[in-house]
Amino acid sequence: MILRPRLEDINNIGYYLGKIMIGLGLTMFVPIVVGLGFGEINPVLDFIVGIEITLIFGFILTRLCYTEKDLNWMQGMIVVSLSWLVAMVLGAIPLYLSGHWKSFLDTCFDSMSGFATTGLTLVQDLDHLSLTHNLWRHLIMFIGGQGIVIVALSFFVKGASGAFKMYVGEARDERIMPNVMHTSRFIWTVSLTYLFLGTIALGVTGIFNGMSPLTSFFHGACIFMAGFDTGGFAPQSQNLLYYHSTIYEIVTAVIMILGAINFRLHYHIWMGNRREIIKNIETVTLFVTITITFLITALGLERLGVYPQVISLFRKGFYQLVSGHTGTGFQTLYPVQFVTDWGSLSMVGIICAMALGGAVCSTTGAIKMLRIGVIFKAILQDIKIIILPERAVVVQRFHHIKNVFLQDKMVRPALIITLMYLVLYGLGSLVGMWYGHSFLYSLFESTSAAANVGLSCGITQASMPAALKITYIFQMWAGRLEFMSVFTLIGFAVAAIKGR
Amino acid sequence: MKLKPALNITLGIAAEIIYALAIILAAFLISLALTKL
């Protein structure tokens with residue numbers, strides 16, 4: 001028997017959802033301040049409308065549903081999954097008012113793509129979008145990369161128990177510090193420290209490439225936010241191709257790799273345990289998988305003679321690969337070049353890289369390195385069990401902050417999440433094929449959406465069918481939240497209809 | 001901020017950047033090997 005949700009459930013969910021909406025509304029003050037600084041009055045008005053709507057809904061919910069009770073697991077998961085949908089709609093309002101999107105659905109697509117740090121975009125005439133709106137596109141990546149709930153956790157949520165449930169619901173199952181509020185503040189510390197360093201590095205590089213200081217630092221800040229949070233938006237329509245700079249590409253590649261590192265690992269390295277970076281199962285797996293997938297991609301490109309020079313193979317082949325593997329989606333190619341130039345083998349290399357992703361508790365999406373490492377160790381253990389004498393005791397260990405003995409209870413969730421990602425990649429490609437695209441290109445675009453990458457081979461454009469846009473929005477949402485909170489929301493909706 | 005934590009953070013950031021550069025170097029060597037062989 002399914003139990004119908006109680007009024008208390010709806011009350012708790014509404015109250016915390018309202019708090020998150022207020023947090024989101026307050027972040028809209030950043031583009032307003034920048035817009036006023038640049039003298040962009042009309043775009044500022046768009047954000048004032050956005051803030052008003054967001055704060056009004058937030059205050060109404062917190063007033064109507066006021067409670068002092070803490071969240072239980074089900075409520076925490078539902079708050080997280082709903083807050084991402086609500087953020088998509090509310091975050092889209094100022095963008096839609098700019099007139100650069102063909103429909104509100106297109107704006108919601110870009111808004112979800114931003115919050116989920118994907119990077120697929122349907123914007124029209126990006127090169128003439130105001131700086132204020134452009135900053136918001138990148139800021140929502142920065143907010144989404146930390147986690148929308150993390151923003152609220154840092155400032156508004158009091159109850160530690162409820163906060164932890166929302167933290168877990170947002171696909172961050174590793175607590176860095178005993179207190180989850182301190183954990184979220186440490187995540188902000190890392191991100192803001194790197195924001196400062198990364199903006200300076202990109203700003204100076206831009207100036208050496210001939211950009212004006214103001215433009216260079218504005219682009220630097222935007223590109224850093226999209227790179228470190230493995231998002232993939234860029235201020236110009238040509239994405240990273242706009243800069244035509246090897247140094248810019250190397251700096252952004254470093255930023256993308258830093259963004260793919262576990263925040264818990266950042267903490268231990270920053271606390272003095274620097275050897276962890278060469279011992280940790282995630283960094284070792286990331287190194288190995290990037291090398292293997294690049295080898296596949298490079299072999300495919302080399303066989304077709306696409307890039308005969310070493311520097312062009314490295315700049316084009318490796319850049320798209322590391323961008324895909326870290327889940328960023330910065331592109332130094334036109335999307336159509338994947339189809340016309342790259343060939344099947346190199347595209348398969350990129351698809352594999354996109355499907356794997358970065359570290360858990362980082363800003364990346366996809367299956368993630370800890371799970372890949374654990375599954376690999378489990379396979380190794382099973383092979384040893386077969387090869388060694390029957391009486392031999394086979395123990396498999398791996399290093400993740402400390403030495404850990406592999407247990408079945410670690411392998412099971414890793415396999416389940418991996419399977420669910422594979423199903424999600426497959427479902428999206430079925431919808432792509434339904435609309436007439438080939439299997440390989442459909443799989444490429446679907447994996448890019450579900451793994452929150454943002455590389456495109458040309459399927460994603462404003463003229464694609466609405467059903468395909470909604471499919472990709474669902475994939476970006478479910479992929480970013482790693483399924484459990486999405487399934488809880490679906491279960492809650494079923495219980496509300498069929499429960500007693 | 002005390003000197004030792006600040007030094008640890010600086011060296012930690014340096015270690016992470018060196019790790020990223022090592023990945024990039026490995027990829028460059030693969031590109032070099034494939035185009036020259």
Side-chain angles (χ1 to χ4, degrees), chain A residues 189-190 193-194 197 201 249-251 253-261 265-278 280 283-284 286-299 301-303 305 307-319 321-322 325-326, chain B:
Chain A
T189 305
V190 172
T193 305
Y194 272 126
L197 296 174
E249 286 162 21
I250 288 174
V251 173
V254 170
I255 291 170
M256 290 189 275
I257 294 168
L258 294 176
I261 293 176
L265 192 59
H266 281 299
Y267 176 78
H268 285 273
I269 292 168
W270 285 25
M271 290 298 119
N273 184 12
R274 287 181 289 279
R275 286 186 65 79
E276 187 64 31
I277 203 155
I278 52 171
N280 192 284
T283 46
V284 172
L286 184 67
F287 191 97
V288 171
T289 53
I290 286 182
T291 307
I292 292 172
T293 49
F294 178 59
L295 194 60
I296 296 169
T297 306
L299 281 170
L301 292 170
E302 185 59 20
R303 188 167 169 75
Y307 304 115
Q309 302 295 323
V310 57
I311 198 72
S312 53
L313 177 62
F314 173 70
R315 280 186 64 184
K316 297 295 180 187
F318 175 67
Y319 196 81
L321 186 283
V322 76
H325 204 311
T326 56
Chain B
M1 191 183 278
K2 287 181 185 171
L3 194 62
K4 199 178 174 204
L7 185 68
N8 273 337
I9 291 172
T10 310
L11 292 176
I13 290 171
E16 290 176 357
I17 292 172
I18 290 168
Y19 167 74
L21 290 173
I23 291 176
I24 294 169
L25 180 65
F28 183 77
L29 292 176
I30 291 172
S31 305
L32 192 68
L34 285 177
T35 47
K36 297 295 175 192
L37 289 178

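Values reported hereafter were calculated over all heavy atoms of this structure, with side chains retained and with hydrogens, waters and symmetry mates removed.
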Find the distance between [atom1] ([X]) and [atom2] ([Y]) and round it off to the nearest 0.5 Å.
X	Y	atom1	atom2	answer
Leu313(A)	Leu32(B)	CG	CG	10.0 Å
Ile277(A)	Ile17(B)	CD1	CD1	10.0 Å
Tyr307(A)	Thr35(B)	OH	OG1	14.0 Å
Met256(A)	Ile24(B)	CE	CD1	8.0 Å
Ser31(B)	Glu302(A)	OG	CD	9.5 Å
Ile18(B)	Arg274(A)	CD1	CZ	10.0 Å

Can you say whether [X] sits under 4.5 Å from chain A via the side chain, the backbone, both, or neither, judging by heavy atoms?
X	answer
Ala14(B)	neither
Ala15(B)	both
Ile13(B)	both

Is there a side-chain contact between Glu16(B) and Ile257(A) in this structure, where contact means two heavy atoms from C-beta onward sitting under 4.5 Å apart?
no
In terms of relative ring orientation, are Phe314(A) and Phe28(B) parallel, tilted or perpendicular, with 30° and 60° separating the classes?
perpendicular
Considering only heavy atoms, which portion of [X] lies under 4.5 Å from any heavy atom of chain B: side chain, backbone, both, or neither?
X	result
Phe294(A)	side chain
Glu276(A)	neither
His268(A)	neither

Apply side-chain contact (heavy atoms from CB on, under 4.5 Å) to residues Thr10(B) and Trp270(A) and explain how you reach the verdict.
CA-CA 8 Å; Thr10(B) 310; Trp270(A) 285 25; over 6 Å; no
If you count heavy-atom pairs under 4.5 Å with chain B, which of Thr283(A), Ile261(A), Thr193(A) comes out on top?
Thr283(A)
Looking at Ile278(A), Val322(A), Leu286(A), Leu197(A), which makes the most heavy-atom pairs under 4.5 Å with chain B?
Leu286(A)
